[in-house]
Student: 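My questions all concern the structure below.
All values below were derived from every heavy atom in this structure, side-chain atoms included, with hydrogens, water molecules and symmetry-related copies excluded.
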Amino acid sequence: MQLVHDSHVQSRFSNTFPRTVEILCPHCLKEALFEARPWQEHGRQLAASELECARCEHTVLFVQLLEADGTNKPSGLFCHPGPGGRETMAGVEHLHAMSAPLARSYESALKLYNHAEWGASSLIVRHLLGGLTARMLPDEKAELSLTRKLEALPNDVDLSRPLQDIAQLLAPSGTFGRQFEDETTIDKANAELLLELAEQLITYLVVLPGTMADLKARIATAPVPLRRGSGVA
């Protein structure tokens, strides 16, 4: 089940259940309006209905969580299979803080991808990568090719800084290091922050290298599309 944001609900029945929902259809991968069939309540906690895509006429199961009074619960609409396309990446707010134009490029690429505009989406991704690397490198390297920019990143960007910051936090004189002298003084807020720090470190040292290796392997085995006019039948 995947969450469907309330903003996608275009109209509702008098009992507040969704009547029409606009999402990217998981079957035809087109933006489409889904029209509800009768909702069936199950107990007092949820209701379910099959909504039909107005484009391809395939159905998607929708489940609506309910409040105690039987009305829909905000942010309580889910569907299976989930809407087609990709969700916005986690942490995109940091990209917005770095550069609004780069953030808009990312959002444009995602929107084009979710509308099955594969070529246009890929071109914007390449533009995004070029802009991102140029933003992080000195001005004199702004005109390098994308390959050269990526190769230059380890020399011009301190990729070890996150590890140095964590080391300072955990040092005996650091924010967390001092608390370890008496663990009974650590409250919920600090325990949560320390757990988040560990998760970020695991992401940096374990998850990112692993997912990059998996992606590299998938790229290496992906079929190469034929160029138009190549003459291959």
Student: To the nearest 0.5 Å, how far apart are CD in E192 and CG in D187?
Tutor: 10.0 Å
Student: Are L29 and L110 connected into the same hydrophobic cluster when the rule is that any two of I, L, V, M, F, W, Y join if their side-chain heavy atoms are below 4.5 Å apart?
Tutor: no
Student: Are there over 12 heavy-atom neighbours, none belonging to R148, within less than 6.0 Å of that residue's CZ?
Tutor: no
Student: Would you confirm whether H8, through its side chain, and E22, through its main-chain N or O, come within 3.5 Å as a donor-acceptor pair?
Tutor: yes
Student: When you group the ILVMFWY residues by side-chain heavy-atom contacts below 4.5 Å and let the links chain together, are L123 and L128 in the same group?
Tutor: no
Student: According to side-chain contact (heavy atoms from CB on, under 4.5 Å), who are the partners of R12, at least two apart in sequence or on a separate chain?
Tutor: D6, V9, P18, N72
Student: How far does OG of S49 sit from CD of E41, to the nearest 0.5 angstrom?
Tutor: 12.0 Å
Student: Is there a path of hydrophobic side-chain contacts, each under 4.5 Å between heavy atoms, that joins L146 and L153?
Tutor: yes
Student: Please test C25 against F34 for side chain to side chain contact (heavy atoms under 4.5 Å, CB included), starting from the C-alpha separation and ending with a verdict.
Tutor: CA-CA 9 Å; C25 177; F34 282 74; 3.8 Å; yes
Student: Checking S11 against T20: is there a side-chain donor and acceptor pair closer than 3.5 Å?
Tutor: yes
Student: Run the side-chain contact (heavy atoms from CB on, under 4.5 Å) test against L208 and tell me which residues pass, sequence neighbours left out.
Tutor: T211, M212
Student: If I take atom CG from residue L77 and atom CD1 from residue I23, how far apart are they, to the nearest 0.5 angstrom?
Tutor: 8.5 Å
Student: So, do F17 and T71 sit near enough that their side-chain heavy atoms are less than 4.5 Å apart?
Tutor: no
Student: Extract all donor-acceptor atom pairs below 3.5 Å that involve side chains of residues 89-105 and protein atoms in other chains or at least two apart in sequence.
Tutor:
unit_1, atom_1, unit_2, atom_2, d
H96, NE2, E107, OE2, 2.9
S99, OG, L102, N, 3.2
S105, OG, P101, O, 3.2

Student: Please list, one pair per line, the donor and acceptor atoms closer than 3.5 Å that link side chains of residues 55-66 to other protein atoms, with sequence neighbours excluded.
Tutor:
unit_1, atom_1, unit_2, atom_2, d
R55, NE, E31, O, 2.7
H58, ND1, C56, O, 3.4
Q64, NE2, K73, O, 3.3
Q64, NE2, G76, O, 3.4

Student: Quick one: list whatever passes ring-ring contact (aromatic ring centres under 6.0 Å, His included) with H80, sequence neighbours left out.
Tutor: none
Student: Please check if atom CD in E67 has more than 12 non-hydrogen atoms from other residues, nucleotides or ligands closer than 6.0 Å.
Tutor: yes
Student: Between V125 and Y106, is the side chain to side chain contact (heavy atoms under 4.5 Å, CB included) condition met? List the steps.
Tutor: CA-CA 7 Å; V125 168; Y106 167 72; over 6 Å; no
Student: Please test K141 against D156 for side chain to side chain contact (heavy atoms under 4.5 Å, CB included), starting from the C-alpha separation and ending with a verdict.
Tutor: CA-CA 10 Å; K141 296 184 179 180; D156 291 271; 2.7 Å; yes
Student: Are L150 and V157 in one and the same hydrophobic cluster, where Ile, Leu, Val, Met, Phe, Trp and Tyr link if side-chain heavy atoms are under 4.5 Å apart?
Tutor: yes
Student: Is it the case that the side chain of N114 and the backbone of L24 share a donor-acceptor pair, with hydrogens and angles ignored and the cut-off at 3.5 Å?
Tutor: no
Student: Could you tell me whether the side chain of Q2 reaches within less than 4.5 Å of the side chain of P83, counting heavy atoms only?
Tutor: yes
Student: Hey, are the side chains of W39 and L46 touching, using non-hydrogen atoms and a 4.5 Å cut-off?
Tutor: no
Student: Quick one: CD on E117 to CG on L112, what's the gap to the nearest 0.5 Å?
Tutor: 6.0 Å
Student: Is there side-chain contact between L193 and L197, with at least one heavy-atom pair below 4.5 Å?
Tutor: no
Student: Where do S75 and L3 come nearest, in terms of heavy atoms and distance?
Tutor: O-CD1, 3.6 Å
Student: Side-chain polar contacts of residues 160-170 - donor-acceptor pairs under 3.5 angstrom, sequence neighbours left out - could you list them?
Tutor:
unit_1, atom_1, unit_2, atom_2, d
S160, OG, D158, OD1, 2.7
S160, OG, Q164, NE2, 3.3
R161, NE, D165, OD1, 3.0

Student: As a quick check of understanding, evaluate salt bridge (charged side-chain N to carboxylate O under 4.0 Å, His left out) for E35 and R19, giving each step before the final call.
Tutor: CA-CA 6 Å; E35 299 181 0; R19 184 187 190 104; over 6 Å; no
Student: Looking at S7 and Q10, what are the two nearest heavy atoms and their distance?
Tutor: O-NE2, 3.7 Å
